[in-house]
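Heads up, the thing below is written out as structure tokens.
Position 1 is the first residue of the sequence, and the numbers go up from there.
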Amino acid sequence: MRIRPVTSGELPVLQDIERAAGAPFRDLGMAAVADDEPPALEVLEHYRRAGRAWAAFDGEGSPVAYLICEPVDGALHIEQVSVHPDAARRGVGRALLGYAADRAREEGLAGLTLTTFTEVPWNAPYYARLGFRTLEEGELTPGLRKIRAHEAELGLDRWPRVCMRRD
């Protein structure tokens with residue numbers, strides 16, 4: 001598996017990965033999450049131009065997972081990490097997060113942050129196994145509070161969510 005920055009031409013494939021990765025949420029009664037549209041091409045292009053969009057590629061050179069992120073309050077915030085179900089349970093997500101952690105270290109950032117669902121097995125429990133810890137309300141930085149507020153506006157708080165951090 002190879003990880004590298006994505007090209008403009010690969011952005012539509014990231015949308016396909018997102019749609020496929022969202023489908024299992026339907027089985028958890030989270031159809032709204034499963035049916036949510038992936039980030040628009042313009043949004044993905046913003047991350048790509050900023051050097052904040054990376055993908056994992058299979059042996060044939062096709063993207064099977066991606067991660068987009070941005071610095072938030074001294075940490076690298078993982079905005080989205082999605083793995084196509086056909087590549088799931090092979091360490092691809094873990095590798096992408098490791099790649100992001102390496103980039104964060106290179107930039108002098110203190111760690112990784114993300115927001116996630118608490119009761120989805122491949123969300124908070126998975127990140128906890130990778131060394132992320134749930135942040136208490138008083139530990140949230142202004143940027144993380146802003147992100148959580150935006151998620152609430154989008155209706156994501158219909159299901160329990162948390163902020164997590166790995167130093």
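- Of all heavy-atom pairs spanning W54 and P5, the tightest one is CD1-CA, 3.7 Å.
- Taking 4.5 Å as the limit, some side-chain heavy atom of E45 sits within range of a side-chain heavy atom of L11.
- Residue pairs meeting the salt bridge (charged side-chain N to carboxylate O under 4.0 Å, His left out) criterion with at least one partner in residues 106-119, sequence neighbours excluded, are R52-E107, R103-E106.
- Under the 4.5 Å side-chain contact rule for hydrophobic residues, I78 and Y47 do not share a cluster.
- Criterion: ILVMFWY side-chain heavy atoms under 4.5 Å apart, direct or through other members. Under it, V13 and V6 are part of a common hydrophobic cluster.
- A single hydrophobic cluster is seen to contain both F132 and L109, as judged by linkage of ILVMFWY side chains at heavy-atom distances under 4.5 Å, directly or through other members.
- Linking ILVMFWY side-chain heavy atoms closer than 4.5 Å, directly or via other members, places V120 and Y126 in two distinct hydrophobic clusters.
- Of the charged side-chain nitrogens involved, none lies within less than 4.0 Å of a carboxylate oxygen, so that R165 and E139 do not count as a salt-bridged pair.
- Contact check on R133 versus D167 returns no salt bridge, with no Lys/Arg side-chain nitrogen under 4.0 Å from an Asp/Glu carboxylate oxygen.
- The heavy-atom pair separating L112 from A104 by the smallest distance is CD2-CB, 4.2 Å.
- No side-chain donor-acceptor contact under 3.5 Å links R49 to the backbone of H46.
- Rounded to the nearest 0.5 Å, atoms CG (L76) and SG (C69) are 4.0 Å apart.
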Walk me through it: do L41 and Q15 pass the test side chain to side chain contact (heavy atoms under 4.5 Å, CB included)? CA-CA 8 Å; L41 290 175; Q15 291 179 313; 3.3 Å; yes

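- D58 has no carboxylate O lying under 4.0 Å from a charged side-chain N of R2, or vice versa, which leaves the two without a salt bridge.
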Could you give me the CA-CA distance, side-chain angles and deciding distance for V64 and D86, then say whether side chain to side chain contact (heavy atoms under 4.5 Å, CB included) is met? CA-CA 8 Å; V64 296; D86 292 345; over 6 Å; no

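- For the pair M1 and G91, the tightest heavy-atom approach, listed with the atom from each and the gap, is CE-O, 4.4 Å.
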Apply side chain to side chain contact (heavy atoms under 4.5 Å, CB included) to residues E37 and E18 and explain how you reach the verdict. CA-CA 8 Å; E37 279 299 306; E18 183 70 19; over 6 Å; no

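- For the atom pair CD (E151) and CD (E153), the distance works out to 10.5 Å, reported to the nearest 0.5 Å.
- Between E42 and R48 no salt bridge is recorded (no basic side-chain N to carboxylate O distance below 4.0 Å).
- One finds a salt bridge joining E137 and R145 here, because a Lys/Arg side-chain nitrogen approaches an Asp/Glu carboxylate oxygen to under 4.0 Å.
- Ring centroids of F25 and W122 are separated by less than 6.0 Å, placing the two rings close together.
- You'll find the side chain of L156 reaches within 4.5 Å of the side chain of R161, heavy atoms only.
- A donor-acceptor pair under 3.5 Å is absent between the side-chain atoms of H77 and the main chain of E79, judged by distance alone.
- Taken from OH in Y66 to CG in L44, the straight-line distance is 6.0 Å, to the nearest 0.5 Å.
- A 4.5 Å side-chain heavy-atom check between F117 and V33 finds at least one atom pair inside the cut-off.
- Side chain of R89 to backbone of P85: no donor-acceptor contact under 3.5 angstrom is found.
- Across P121 and R129, no two heavy atoms sit closer than the pair O-NH2, 4.3 Å.
- Side-chain contact between Y127 and T116: present, with at least one pair of heavy atoms (C-beta onward) separated by less than 4.5 Å.
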Would you sort out whether E136 and T134 count as a side chain to side chain donor-acceptor pair (under 3.5 Å), showing the intermediate values? CA-CA 6 Å; E136 299 297 326; T134 299; over 6 Å; no

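- A distance of 9.0 Å separates CG in L14 from OG in S82, rounded to the nearest 0.5 Å.
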Side chain to side chain contact (heavy atoms under 4.5 Å, CB included) between I17 and V83, intermediate numbers included: CA-CA 7 Å; I17 291 169; V83 177; 5.9 Å; no

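- Between atom CG of residue L135 and atom OG1 of residue T115 there is a gap of 11.0 Å, rounded to the nearest 0.5 Å.
- The shortest non-hydrogen separation linking P39 to I68 is CG-CD1, 4.5 Å.
- Looking at H84 and V92, their side chains never come closer than 4.5 Å, going by heavy atoms from C-beta outward.
- Between atom CG of residue L97 and atom CD1 of residue I3 there is a gap of 9.0 Å, rounded to the nearest 0.5 Å.
- Put simply, the side chain of Y99 never gets that close to the backbone of L67: no donor and acceptor are under 3.5 Å apart.
- Both V162 and L114 belong to a common hydrophobic cluster when Ile, Leu, Val, Met, Phe, Trp and Tyr are linked at side-chain heavy-atom distances under 4.5 angstrom.
- Judged by distance alone, the side chain of R166 and the main-chain N or O of L130 form a donor-acceptor pair under 3.5 Å.
- A salt bridge links R4 with E10: the closest approach of a Lys/Arg side-chain nitrogen to an acidic carboxylate oxygen falls below 4.0 angstrom.
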